Enquirer: 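One structure follows; several queries about it will come next.
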Amino acid sequence: MRKGTRARDWLPGFLMVLPSIILVGIFVYWFIYQNVLTSLDRTETLATKRVTNPGGIENYTKLLGSDDYQHALFNLLVLTVTFLAGTMIFGLLWAVLLEKGASGEGFFRSVYLLPMAISFIAAGVVWRWLLSPGKGDQAVGLNQLLAMMGLERFQSAWWQSPSAFSMAAMAMPAIWQLSGYVMALFLAGFRGISEDQREAARIDGASERQIYRHVLFPQLSPIALSALIIIGHMSMKMFDLIYAIAGQNSYKASVPATLMWTQMFQQNNPTAAAVNATILLALIAIVVVPYLIYTNKTEKGTRA
């Protein structure tokens with residue numbers, strides 16, 4: 001009877017989630033497995049029998065050693081660092097301003113969150129015009145706005161600049177779109193802190209600056225970590241925004257995700273694209289897996 005009772009306890013729940021388990025197993029983990037197998041293939045051209053992919057681990061060393069991929073990885077690093085810094089700074093700033101009970105909070109919260117409702121492709125079309133490199137009489141977008149304000153010296157070629165760090169300009173549209181999301185996370189964190197803690201700190205003589213520094217901000221560290229992980233992994237796999245702004249053949253704005261498109265559909269080299277995808281998956285796993293382990297340990301400690 002006891003075994004039958006136990007089965008009745010867990011079997012209905014298991015049957016409920018079984019379709020999801022099967023679908024995730026097939027369309028996530030099986031496809032990852034197939035992608036890894038493809039990345040190890042040895043390939044050669046049919047006509048000349050020239051080896052395009054030597055096979056095995058050499059496929060990875062070949063791609064990682066190529067100038068194009070190293071350029072794409074450096075662009076990804078610049079994009080990610082700028083994207084993380086911008087979204088965290090603006091998101092926290094807006095959350096602090098709204099948390100103080102500003103009049104019209106609902107309006108401003110909607111304004112900050114509205115860009116999230118716009119797809120990266122649609123936003124990219126607009127930002128392609130805003131980040132136009134034309135100057136002088138040819139200036140449009142932001143450069144034209146700077147000229148109208150008498151700030152011509154600040155005009156730029158943006159992501160098309162010859163600077164090695166030009167991809168920082170590509171992060172501007174992404175910061176504009178996702179700072180509101182980070183703001184919502186921080187604002188929820190602020191609202192979850194009891195007002196009694198602030199009053200106790202004020203009674204002890206703490207200034208508002210000290211309250212934020214020593215009472216509020218330390219309690220927001222789990223939210224900040226979650227925001228960093230979410231924004232970071234989104235930056236690593238960003239494709240549509242860059243594609244919409246720079247196009248599919250831009251070497252200047254190349255990142256691993258856009259290079260994968262080129263490898264797959266223009267170079268007709270699915271093996272190289274699979275190698276690229278596996279490396280990108282590994283990079284994302286390096287960021288996400290430690291966070292999941294940390295979160296799991298934290299939840300276990302809380303339950304204990």
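Being a predicted model, the structure only gives us computed values, none of them experimental.
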Enquirer: Under a 3.5 Å cutoff, is there a donor and acceptor pairing between the side chains of Thr278 and Asn35?
Expert: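 Yes, side-chain donor-acceptor contact under 3.5 Å.
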Enquirer: Classify the side-chain pair Asp41/Asn53 by whether it contains a donor and acceptor separated by less than 3.5 Å.
Expert: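 The criterion, which ignores hydrogens and geometry beyond distance, is not satisfied for Asn53 and Asp41.
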Enquirer: For Phe186 and Phe190: C-alpha separation, side-chain torsions, deciding distance, then whether ring pair (Phe, Tyr, Trp, His ring centres under 6.0 Å) applies.
Expert: CA-CA 6 Å; Phe186 280 126; Phe190 278 126; 7.2 Å; no
Enquirer: Using distance alone, with no hydrogens and no angle criterion, decide if Ser166 and Ser161 have a side-chain donor and acceptor under 3.5 Å apart.
Expert: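 Not at all, the side chains of Ser166 and Ser161 share no donor-acceptor pair under 3.5 Å.
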Enquirer: Decide yes or no for Arg109 and Trp94: does some side-chain heavy atom of the first lie under 4.5 Å from some side-chain heavy atom of the second?
Expert: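 No, every pair of side-chain atoms sits at 4.5 Å or beyond.
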Enquirer: With side chains defined as the heavy atoms from C-beta onward, is the minimum distance between Asn59 and Pro54 less than 4.5 Å?
Expert: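 Sidechains of Pro54 and Asn59: in contact.
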Enquirer: Any non-hydrogen side-chain atom of Arg198 less than 4.5 Å from a side-chain atom of Val215?
Expert: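 Arg198 vs Val215: side chains apart.
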Enquirer: Between Glu58 and Arg42, does any side-chain N to carboxylate O distance fall below 4.0 Å?
Expert: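 A salt bridge is absent here (no side-chain N lies under 4.0 Å from a carboxylate O).
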Enquirer: How about Gln267 and Thr262: do any of their side-chain heavy atoms sit closer than 4.5 Å?
Expert: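 Answer yes - side chains close enough.
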Enquirer: Quick one: are the ring centres of Phe165 and Phe74 less than 6.0 Å apart?
Expert: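 Close enough - the centres of the two rings lie under 6.0 Å apart.
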Enquirer: Per the ring pair (Phe, Tyr, Trp, His ring centres under 6.0 Å) rule, what does the pair list look like for residues 45-71, sequence neighbours excluded?
Expert: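 The answer is His71-Tyr251.
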Enquirer: Among side-chain atoms of Thr271 and Thr38, is any donor-acceptor pair under 3.5 angstrom?
Expert: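 Checked: Thr271/Thr38 side chains show no N/O donor-acceptor pair below 3.5 Å.
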Enquirer: May I ask you to check whether Gln219 and Gln197 show a side-chain donor-acceptor distance below 3.5 Å?
Expert: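 Note: Gln219 and Gln197 side chains meet the donor-acceptor criterion.
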Enquirer: Quick one: does any side-chain atom of Arg128 pair with a main-chain N or O of Ala244 as donor and acceptor, under 3.5 Å?
Expert: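 Judged by distance alone, yes, a pair lies under 3.5 Å.
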Enquirer: Is it the case that more than 12 heavy atoms not belonging to Arg213 sit under 6.0 Å from its CZ atom?
Expert: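 No - once you tally the heavy atoms of other residues, nucleotides and ligands closer than 6.0 Å, there are 12 at most.
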Enquirer: Are side-chain N/O atoms of Gln266 and Asn249 paired as donor and acceptor at under 3.5 Å?
Expert: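 On atom types as modelled, these side chains qualify, holding a pair under 3.5 Å.
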Enquirer: Would Leu130 and Val126 satisfy side chain to side chain contact (heavy atoms under 4.5 Å, CB included), going step by step from the backbone distance to the final call?
Expert: CA-CA 6 Å; Leu130 288 173; Val126 177; 4.1 Å; yes
Enquirer: Under a 4.5 Å cut-off applied to non-hydrogen side-chain atoms, are Tyr181 and Thr87 in contact?
Expert: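 Not touching, per the 4.5 Å side-chain cut-off.
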Enquirer: Do the non-hydrogen side-chain atoms of Leu114 and Met116 ever get within less than 4.5 Å of each other?
Expert: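 SC-SC contact between Leu114 and Met116 ruled out.
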Enquirer: Any non-hydrogen side-chain atom of Ile242 less than 4.5 Å from a side-chain atom of Trp159?
Expert: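 A side-chain contact is absent here, since even the closest heavy-atom pair is not under 4.5 Å.
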Enquirer: Does the gap between the ring centers of Phe31 and Phe27 come in under 6.0 Å?
Expert: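 Ring-ring flag for Phe31/Phe27: true, centres closer than 6.0 Å.
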